[in-house]
Amino acid sequence: MTEAEIHDLMDRSVAYATQLISSRNWRNAERGVLPEGRSASDLVQAAFQNILEGGKWDEDKPLWLVMRGFIQGTVGNLVKSWENRVFSNADDGLPEEGESDWVSAVEQFENDDAPPESRLVREEDDELILGIIDSMDPGSPDRRIVEAIFNRASKRAEVIAEAGLNDKEFEAAKKRLRRFLENYRQELRSVHH
């Protein structure tokens, strides 16, 4: 490929990534910020780097189509990411440095124009989450996994490393957490019916 062809490929890939990004909601807003503050250019560079570093792809396909596949997969993963599902846009109502004492993470990412009932629900959610974490034994694998996720570990390997677990311990804790969440959901459904 010539340099001009590479630049054209990158430009078309950025346009494609921008189109995919703009068709999704990010952090509960139509034109919100992507997780980790990424941009369309970042996604294209990551896709290109993946190809250069030996990422698996069908060599019979044209490179532009492979790039689109990588970009589409990354956008899909970002949409499903914990950060995108849990947080709102960080610029909406962050307090100024020293403006207040402790503010919950959820409150930091919500705007101040929220109606009182939504603030009440948010406070109840904060209390519930903190209560669940406090109910876990300090240092237990389950709690270390939850703490790792709260410390922004999002991939399996990152969570395992942050929690200081091996694969077997991680899988066992993950099963316990899934059972706990399923039981919790069932309790919620029974309370609301």
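Note that the coordinates shown come from a computational prediction; the quantities given were computed from them, not determined experimentally.
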Could you tell me which non-hydrogen atom of [X] sits nearest to which non-hydrogen atom of [Y], and how far apart they are?
X	Y	value
Phe170	Val159	CE1-CG1, 3.7 Å
Ser39	Ile21	C-CD1, 4.4 Å
Ile71	Tyr16	CG2-CD2, 4.2 Å
Ile51	Val66	CD1-CG1, 3.9 Å
Leu78	Arg38	CD2-NH1, 4.0 Å
Arg144	Gly139	NH1-O, 2.9 Å

Give the C-alpha distance, both sets of side-chain angles, the deciding distance and a yes or no for salt bridge (Lys or Arg N to Asp or Glu O under 4.0 Å) between Glu171 and Lys174.
CA-CA 5 Å; Glu171 288 302 321; Lys174 189 171 77 170; 3.4 Å; yes
Could you grab the distance from atom [atom1] of [X] to atom [atom2] of [Y], nearest 0.5 Å is fine?
X	Y	atom1	atom2	answer
His7	Arg12	NE2	CZ	14.0 Å
Phe70	Asn50	CZ	CG	4.0 Å
Leu177	Met136	CG	CE	5.0 Å
Ser81	Lys155	OG	NZ	10.5 Å
Asp167	Arg156	CG	CZ	4.5 Å

With side chains defined as the heavy atoms from C-beta onward, is the minimum distance between [X] and [Y] less than 4.5 Å?
X	Y	answer
Leu34	Leu43	yes
Met67	Val44	yes
Glu162	Glu147	no

Under the side chain to side chain donor-acceptor pair (under 3.5 Å) definition, can you give me all pairs with a residue in residues 66-78, not counting sequence neighbours?
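Non-adjacent pairs meeting side chain to side chain donor-acceptor pair (under 3.5 Å): zero.
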Applying salt bridge (charged side-chain N to carboxylate O under 4.0 Å, His left out), name anything that partners Lys61, two or more places apart in sequence or on another chain.
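Partners of Lys61 under the salt bridge (charged side-chain N to carboxylate O under 4.0 Å, His left out) test: none.
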